[in-house]
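What follows is one structure encoded as structure tokens, with my remarks underneath.
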Amino acid sequence: MFAQPRHDRRRFLGMAALSLAAGWIGTRDSVIQLITVKPFQLSSASDLAALGRATAWLNSAPLTAADLQGKVVLVNFWTYTCINWLRTVPYVRAWADRYKEQGLVVIGVHTPEFSFEADVDNVRRSAQERGLTYPIAIDNDRAIWHGFGNHYWPALYFIDAAGHVRHHHFGEGDYEESEMRIRQLLAAAGSGGTDRASVSVEAHGPEVGADWGSLKSPETYVGYQKAENFASPGGGAVNTRHVYTVPPRLRLNQWALSGEWTLKTEATVLNATGGRIAYQFHARDLHLIMGPAGRRGAVPFRVLIDGRPPGASHGADVDDQGNGTITEQRLYQLIRQAGPIADRQFEIEFLDSGVEAFAFTFG
């Protein structure tokens with residue numbers, strides 16, 4: 001069996017009443033009450049001043065607190081495989097575009113969770129794919145994260161023209177309220193904020209909002225450090241090549257391996273062709289964060305739902321027969337159910353070795 005997992009990711013399930021992804025049992029508001037944000041002072045070493053400790057910048061020369069004096073700033077903490085962040089992208093992207101000429105500066109702070117997310121080339125590719133043109137601070141040392149006292153992906157901090165944090169929002173949802181706060185800060189700065197209509201967004205693939213009413217499966221890690229509900233007979237053999245099997249029946253939110261795998265700290269690594277992962281889930285969407293191990297090339301795979309090709313329920317990264325290819329380390333959308341949502345068994349079979357799987361997420 002695995003050691004007791006440590007829930008320090010603290011992602012949100014947005015508008016859901018239970019923040020299962022973060023390991024919290026309670027309402028979103030009750031979690032938010034645990035966080036306090038100190039007002040920013042130009043002379044302090046926290047908040048905006050922490051931008052000076054970014055390890056790199058994308059889309060901009062390095063920005064400092066002094067550069068941003070007199071500007072309304074929206075700071076967005078993210079990590080590129082986070083499904084909760086991905087579903088906020090259409091709104092942040094639209095706000096950056098609409099309010100740029102009125103003086104809003106959006107700064108994305110990319111603070112990685114998984115080790116591969118610290119690769120700046122991976123972050124750059126993700127930003128380009130998502131159409132992010134605003135400045136992005138690379139926070140591989142978590143200096144900005146700690147400077148803001150942040151604990152969550154995604155997180156928004158609303159900073160006025162005097163450099164004070166006036167509001168914050170953690171997780172998904174409340175988009176109209178967040179946009180209203182931007183307008184209020186711009187109006188107070190005398191630089192705009194007179195628009196009344198909220199932005200209109202068009203979301204595709206994993207950016208589409210979750211079906212919260214049918215979502216009964218939580219984010220699930222498959223690296224041994226945080227793994228839960230692992231159901232292969234005999235449990236897991238940590239850091240050891242081992243042949244696993246899938247039991248005849250999985251209960252809801254249990255998962256299992258088939259084939260020869262090595263369970264490592266943050267990922268499960270396939271050692272031989274034909275390995276499979278099975279998961280009994282209840283959600284419209286199923287995603288898997290995965291990628292080629294090391295620097296090896298593309299790996300083909302095939303997914304099934306209840307033993308059949310997904311057909312119209314395939315995700316953005318597979319066809320209707322369930323075929324797809326792993327080409328990079330990222331979140332792959334494998335299932336988007338077109339019909340009634342019920343408990344279903346998902347399976348993915350890898351047609352070559354050298355795959356790392358990190359976590360399932362749902363929507």
Side-chain angles (χ1 to χ4, degrees), residues 9 11-16 19 21 28 58-59 74-100 106-114 117 122-134 136 152-156 169-179 182 198-215 217-219 281 283-291 310 312-319 324 327-338 341 358-363:
R9 187 174 202 167
R11 294 186 179 186
F12 273 93
L13 284 180
M15 298 299 291
S19 186
R28 182 182 57 188
L58 302 178
N59 299 335
L74 179 67
V75 173
N76 177 209
F77 283 91
W78 63 294
T79 189
Y80 80 85
T81 64
C82 176
I83 185 58
N84 308 96
W85 169 75
L86 283 163
R87 293 192 289 245
T88 68
V89 167
Y91 296 92
V92 177
R93 190 170 53 211
W95 297 334
D97 182 60
R98 170 180 277 192
Y99 298 108
K100 180 178 181 179
V106 175
I107 299 176
V109 177
H110 186 273
T111 310
E113 176 183 20
F114 297 116
E117 290 178 304
N122 287 345
V123 182
R124 181 182 292 107
R125 181 172 57 243
S126 176
Q128 291 172 345
E129 290 173 350
R130 297 294 159 200
L132 308 184
T133 59
Y134 48 78
I136 295 171
Y152 303 97
W153 296 282
L156 293 172
H169 180 78
F170 305 123
E172 303 175 52
D174 293 338
Y175 299 114
E176 290 189 5
E177 181 180 350
S178 291
E179 188 171 0
I182 292 170
S198 297
V199 295
S200 176
V201 303
E202 187 173 350
H204 302 281
E207 294 182 358
V208 174
D211 180 0
W212 299 113
S214 65
L215 180 54
S217 290
E219 180 175 37
F281 77 105
R284 183 195 65 197
D285 302 340
L286 179 147
H287 317 94
L288 180 57
I289 300 170
M290 57 182 176
S313 293
H314 69 90
D317 290 301
V318 299
D319 63 20
T327 56
E328 59 198 15
Q329 294 162 315
R330 63 176 176 87
L331 178 145
Y332 290 78
Q333 186 184 78
L334 304 177
I335 298 294
R336 169 157 287 164
Q337 294 195 66
I341 310 304
F358 294 83
F360 285 94
T361 62
F362 301 89

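Not measured: the values here are computed from a predicted model. Quick note: residue numbers are just sequence positions, from 1. Side chains are part of it too, since the values below use all heavy atoms of this structure and drop only hydrogens, waters and symmetry mates.
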How far apart are the C-alpha atoms of H287 and T361, what are their side-chain angles, what is the distance that settles it, and do they pass the side chain to side chain donor-acceptor pair (under 3.5 Å) test?
CA-CA 5 Å; H287 317 94; T361 62; 3.3 Å; yes
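- Considering all non-hydrogen atoms of both residues, V201 and P90 come closest at CG1-O, 3.5 Å.
- From W95, atom CH2 reaches atom CG of L74 across 7.0 Å, with rounding to the nearest 0.5 Å.
- Looking at residues two or more places apart in sequence or on another chain, you find a ring pair (Phe, Tyr, Trp, His ring centres under 6.0 Å) between Y175 and Y91.
- In terms of the side-chain contact (heavy atoms from CB on, under 4.5 Å) criterion, D97 has no residue partners (sequence neighbours excluded).
- Remark: the backbone N or O of N122 is not paired with any side-chain donor or acceptor of S126 at under 3.5 angstrom.
- One finds the CD atom of Q329 at 11.5 Å from the CD1 atom of I289 (value rounded to the nearest 0.5 Å).
- Around atom CD of E176, no more than 12 heavy atoms belonging to other residues, nucleotides or ligands sit under 6.0 Å away.
- Taking 4.5 Å as the limit, every side-chain heavy atom of L215 sits out of range of all side-chain heavy atoms of F281.
- Rounded to the nearest 0.5 angstrom, L86 CG and T81 OG1 are separated by 8.0 Å.
- Scanning for salt bridge (charged side-chain N to carboxylate O under 4.0 Å, His left out) contacts around E328 gives R125, R330, with sequence neighbours left out.
- V208 and A203 get closest at one heavy-atom pair: CG2-O, 3.6 Å.
- With sequence neighbours excluded, no residue forms a side chain to side chain donor-acceptor pair (under 3.5 Å) with T88.
- Among residues two or more places apart in sequence or in another chain, the side-chain contact (heavy atoms from CB on, under 4.5 Å) test is passed with T133 by none.
- One finds the CG atom of L288 at 4.5 Å from the CZ atom of F360 (value rounded to the nearest 0.5 Å).
- In this structure, CG in D174 is found 10.5 Å from CG in L156, a value given to the nearest 0.5 Å.
- Remark: W85 pairs with W78 by the ring pair (Phe, Tyr, Trp, His ring centres under 6.0 Å) rule, at least two apart or across chains.
- At least one donor-acceptor pair closer than 3.5 Å links the side chain of Q337 to the backbone N or O of A283.
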Would you please test L58 and L132 for side chain to side chain contact (heavy atoms under 4.5 Å, CB included) and show each step?
CA-CA 10 Å; L58 302 178; L132 308 184; over 6 Å; no
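- A pairwise comparison of heavy atoms in V318 and L334 identifies CG2-O, 3.4 Å as the closest pair.
- Residues that satisfy the side chain to side chain donor-acceptor pair (under 3.5 Å) test with E207, not counting sequence neighbours, are R93, R130.
- Counting heavy atoms from C-beta outward, L286 and R336 have side chains that stay 4.5 Å or more apart.
- Using a 4.5 Å cut-off on side-chain heavy atoms (C-beta onward), V109 and N76 make no contact.
- When the side chain to side chain donor-acceptor pair (under 3.5 Å) test is applied to S214, the partners found at least two apart in sequence or on another chain are D211.
- Proximity of a side-chain donor or acceptor of D285 to a complementary backbone N or O of F362 within less than 3.5 Å is not detected.
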Yes or no on side chain to side chain contact (heavy atoms under 4.5 Å, CB included) for Y99 and E179, after CA distance, side-chain angles and deciding distance?
CA-CA 10 Å; Y99 298 108; E179 188 171 0; 2.7 Å; yes
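- Residues passing the side-chain contact (heavy atoms from CB on, under 4.5 Å) test with D319, sequence neighbours excluded: Q321, N323.
- Atom CZ in R98 sits 9.0 Å away from atom OG in S200 (nearest 0.5 Å).
- Checked against side chain to side chain donor-acceptor pair (under 3.5 Å), H314 has no partners two or more places apart in sequence or in another chain.
- Of all heavy-atom pairs between G205 and A316, the closest is CA-CB, 4.4 Å.
- Across all non-hydrogen atoms, the minimal contact from A312 to A338 is O-CB, 3.7 Å.
- Residues that satisfy the ring pair (Phe, Tyr, Trp, His ring centres under 6.0 Å) test with F358, not counting sequence neighbours, are F114, F116.
- Side-chain atoms of Q333 do not come within 3.5 Å of backbone N or O of G315 as any donor-acceptor pair.
- Of the residues E129, R124, E113, E117, the one that meets the side chain to side chain contact (heavy atoms under 4.5 Å, CB included) test with Y80 is E117.
- For the pair I136 and A127, the tightest heavy-atom approach, listed with the atom from each and the gap, is CD1-CB, 3.7 Å.
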